[in-house]
K.L.:
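Please read through the structure below; I'll follow up with questions.
Just so it is clear: chains get the letters A, B, ... in the order the sequence lines come, proteins before strands, and each one is counted from 1. Note that these values count all heavy atoms, side chains included, but never hydrogens, waters or copies made by symmetry. From a predicted model like this one, the values you see are computed outputs, not experimental measurements.
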Protein chains: 2
Amino acid sequence: MADRKHIPDPTLLRMCTYLRVLERHSGPTISSAGIAEAAGVNAAQVRKDLSFFGDFGRPGVGYHVDELTAGVQRAMGLDRERRAVIVGAGALGSALISYPGFQARGFRIAAIFDSNPAKVGHILRSFEVMPMSELANTVASENVTIGIITVPRVGAQDVADTLAEAGVAAIVNFAPITLRVPPHVRLRNVDLTQQLEALAYYLGD
Amino acid sequence: MADRKHIPDPTLLRMCTYLRVLERHSGPTISSAGIAEAAGVNAAQVRKDLSFFGDFGRPGVGYHVDELTAGVQRAMGLDRERRAVIVGAGALGSALISYPGFQARGFRIAAIFDSNPAKVGHILRSFEVMPMSELANTVASENVTIGIITVPRVGAQDVADTLAEAGVAAIVNFAPITLRVPPHVRLRNVDLTQQLEALAYYLGD
DNA sequence: CAGTGTGAAGCGCTTCACAGCT
DNA sequence: AGCTGTGAAGCGCTTCACACTG
């Protein structure tokens, strides 16, 4: 795939919301105002966001829902299956294995790994927990492009190194630490406490 | 508490990272460059962020770690315990009950609820799953200010309404839907698939 | 002299407003 | 007339640069 043109990160994140709105919308067409209303954003924002990916709309009519959905999914690279592995068979890891939202968007969990021998071999929602020694193999043979880190903070950097070495193209990190990864590996962090902390600032005594 | 002055949302989210850097730092002082390096941001950004909360630094020296930590925690309202309830005793809810990061920042889970009678009464990591009918009681008697929604999409708006009615001041929503809440209730959304989808745009074929 | 705090510049996202299409 | 796509304006966050301080 050629390098894709830059799209603002906030736009990419909003696309996810728009797709959900389209999914739940009944009727053949929808206007930017309709999407905006359901997504809780400005209508001009919706039109500008969508225009990054192509000219999907028809003046006077709006957007054809099926056409827009397909177009956006293709433009965002969501029209094919992506394989991911989860590293960390703790509570969070086992919650993510069966998270319905991943399947629905074409992300398929290929396997789950843990460095703790006591966990290896156990069955977690139909997945057998694999030892770290198998990671590189699985990534290569199962065509895995995404690594999801759900280990505690102390082990996270090692896991990131292992994943990068194994050849994943992207890492989603749930551990509360700033990871270093090679420049060709895309990294995104999800911090579960961040939102709570930001909230605390506005809460009363 | 009086209305607090506006602080940019990105700043509030970064504070969380800074606090972790301070926690792990050994030595009595640290410079903005040191924090920036560990947090992966610009040093000027760090100084500007911190200056929103007070003048903590000393020219030529840097920041006194203990003093800064305490100052930031107090300024952000993280120096006292906050009670939260989780609604949704599924995989995600049960992962969040025991999430160590919450405790570490003063967020205490008071109880977990579920509308499914089959789940009520079961013990989840030492918490007995409570029926929804108990929610308002618990919020009032346990001084709960935060509600965390981990139910599937279809039930989320009802849960948000119930939480708002019960009097929580803030809601953290993990369900993939745009919620409507009364203006006095602070709402933050955490979307687990968003990060993966945004990633997909940059992944190859 | 090392390092903070901050005015001002820079930059990018958001919103407006309207030409143009159906 | 209704609604999109978009140039331009608006606005806020980020970065720079430096006066100032211990």
Side-chain angles (χ1 to χ4, degrees), chain A residues 4-18 21-22 25 27-72 75 178 194 198 201-202, chain B residues 4-18 21-22 25 27-72 75 178 194 198 201-202:
Chain A
R4 303 191 168 209
K5 75 169 172 185
H6 171 77
I7 291 185
D9 210 63
T11 294
L12 288 176
L13 296 174
R14 278 190 299 269
M15 295 312 293
C16 183
T17 308
Y18 299 160
V21 168
L22 294 176
H25 181 76
T29 65
I30 188 170
S31 66
S32 62
I35 298 174
E37 156 71 20
V41 302
N42 183 291
Q45 181 81 82
V46 172
R47 292 198 298 277
K48 181 139 293 193
D49 284 341
L50 294 180
S51 74
F52 279 111
F53 297 95
D55 286 11
F56 298 112
R58 295 186 198 180
V61 179
Y63 301 87
H64 196 280
V65 174
D66 293 344
E67 190 183 314
L68 179 57
T69 302
V72 168
T178 307
Q194 234 178 20
Y201 177 72
Y202 294 104
Chain B
R4 303 192 166 205
K5 75 169 171 184
H6 171 77
I7 290 185
D9 209 64
T11 294
L12 289 176
L13 295 175
R14 278 191 299 269
M15 296 311 292
C16 183
T17 308
Y18 299 160
V21 168
L22 295 175
H25 180 76
T29 66
I30 189 170
S31 66
S32 61
I35 298 175
E37 155 71 20
V41 301
N42 183 291
Q45 181 82 81
V46 173
R47 293 199 296 279
K48 181 138 293 191
D49 284 342
L50 294 179
S51 74
F52 279 112
F53 297 95
D55 286 11
F56 298 113
R58 294 184 199 180
V61 179
Y63 301 87
H64 196 280
V65 174
D66 293 345
E67 190 182 312
L68 179 57
T69 302
V72 167
T178 307
Q194 233 177 22
Y201 177 71
Y202 293 105

K.L.:
Collect all protein-nucleotide pairs involving nucleotides 18-22 of chain D in which both atoms are nitrogen or oxygen and the distance is under 3.5 Å.
P.N.:
none

K.L.:
Does any donor-acceptor pair link the side chain of B:Lys48 with the base of D:dT15 at a separation under 3.5 Å?
P.N.:
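Pair found.
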
K.L.:
Which nucleotide sits closest to the side chain of B:Pro10: C:dG5, D:dC16, D:dT14?
P.N.:
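Closest nucleotide among those given: D:dT14.
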
K.L.:
Round to a whole Å and report the spacing from CG of B:Leu12 to P of D:dC13.
P.N.:
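Rounded to the whole Å, the gap is 10 Å.
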
K.L.:
Between atom CZ in B:Phe52 and atom P in C:dG5, what is the gap in whole Å?
P.N.:
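B:Phe52 atom CZ is separated from C:dG5 atom P by 13 Å.
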
K.L.:
OP1 or OP2 of C:dG3 versus the side-chain N and O atoms of B:Ser31: is any pair under 4.0 Å?
P.N.:
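Answer no for this pair, as no side-chain N or O of B:Ser31 is under 4.0 Å from OP1 or OP2.
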
K.L.:
What's the closest nucleotide to the B:Tyr63 side chain, out of C:dT14, C:dT4, D:dT4?
P.N.:
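Of the candidates, C:dT4 comes closest.
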
K.L.:
Look up atom OH in A:Tyr18 and atom CG in A:Leu50, then write down how far apart they are to the nearest 0.5 Å.
P.N.:
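Reported value, rounded in 0.5 Å steps: 6.5 Å.
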
K.L.:
State, yes or no, whether a side-chain contact exists between B:Phe52 and B:Met15 at a heavy-atom distance under 4.5 Å.
P.N.:
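Sidechains of B:Met15 and B:Phe52: no contact.
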
K.L.:
Using whole Å, report how far CG of B:Leu50 lies from C1' of C:dT6.
P.N.:
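After rounding, the gap between these two atoms is 14 Å.
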
K.L.:
Return whichever of A:Ile7 or B:Ala33 has its heavy-atom-nearest nucleotide of DNA chain C closer to the 5' end.
P.N.:
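By nearest-heavy-atom nucleotide position, the 5'-most residue is B:Ala33.
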
K.L.:
Look at the side chain of A:His6 and decide which nucleotide, out of D:dT4, C:dC13, D:dT6, has an atom nearest to it.
P.N.:
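Ranking D:dT4, C:dC13, D:dT6 by closest atom to the A:His6 side chain puts C:dC13 first.
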
K.L.:
Can you see which heavy atom on B:Arg4 is nearest to which on A:Tyr201, and at what distance?
P.N.:
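Taking every non-hydrogen atom into account, CD-O, 2.7 Å.
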
K.L.:
Let me know the distance between CD of A:Gln45 and P of D:dG5, rounded to the nearest Å.
P.N.:
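In whole Å, D:dG5 P lies 14 Å from A:Gln45 CD.
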
K.L.:
Does the side chain of A:Ser51 get closer than 4.0 angstrom to OP1 or OP2 of D:dG5 through an N or O atom?
P.N.:
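Answer is no, no contact under 4.0 Å.
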
K.L.:
Can you tell me how far P of D:dC3 sits from CD of A:Glu37, to the nearest Å?
P.N.:
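Atom-to-atom, A:Glu37 to D:dC3, this comes out as 14 Å.
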
K.L.:
Write down the distance between CZ (A:Phe53) and C1' (D:dT4), rounded to a whole number of angstrom.
P.N.:
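Rounded to whole Å, this separation is 17 Å.
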
K.L.:
Answer yes or no: is there a side-chain heavy-atom contact under 4.5 Å between B:Thr17 and B:Val41?
P.N.:
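With C-beta onward as the side chain, the pair stays apart.
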
K.L.:
Rounded to whole Å, how long is the line connecting atom CG of A:Asp55 with atom P of C:dG20?
P.N.:
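To the nearest whole Å, that distance equals 16 Å.
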
K.L.:
Using every non-hydrogen atom in the two residues, find where B:Val65 and B:Leu22 come nearest and quote the distance to one decimal.
P.N.:
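Between these two residues, the closest heavy atoms are CG1-O, 3.8 Å.
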
K.L.:
When you measure from the side chain of A:Arg14, which nucleotide among C:dT6, C:dT14, D:dT14 comes out closest?
P.N.:
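So the side chain of A:Arg14 is nearest to C:dT14.
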
K.L.:
Rounded to the nearest Å, what distance is computed from the CG atom of residue B:Leu13 to the P atom of nucleotide D:dC13?
P.N.:
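Rounding to the nearest Å, CG of B:Leu13 and P of D:dC13 are 12 Å apart.
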
K.L.:
Ignoring hydrogens and angles, tell me if any N or O in the side chain of B:Arg14 forms a donor-acceptor pair with the backbone of B:Val46 under 3.5 Å.
P.N.:
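No: the side chain of B:Arg14 does not pair with the backbone of B:Val46.
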
K.L.:
For the residue pair B:Ser32 and B:Arg47, what are the closest heavy atoms and their distance?
P.N.:
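Reported closest heavy-atom pair: OG-NH1, 3.1 Å.
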
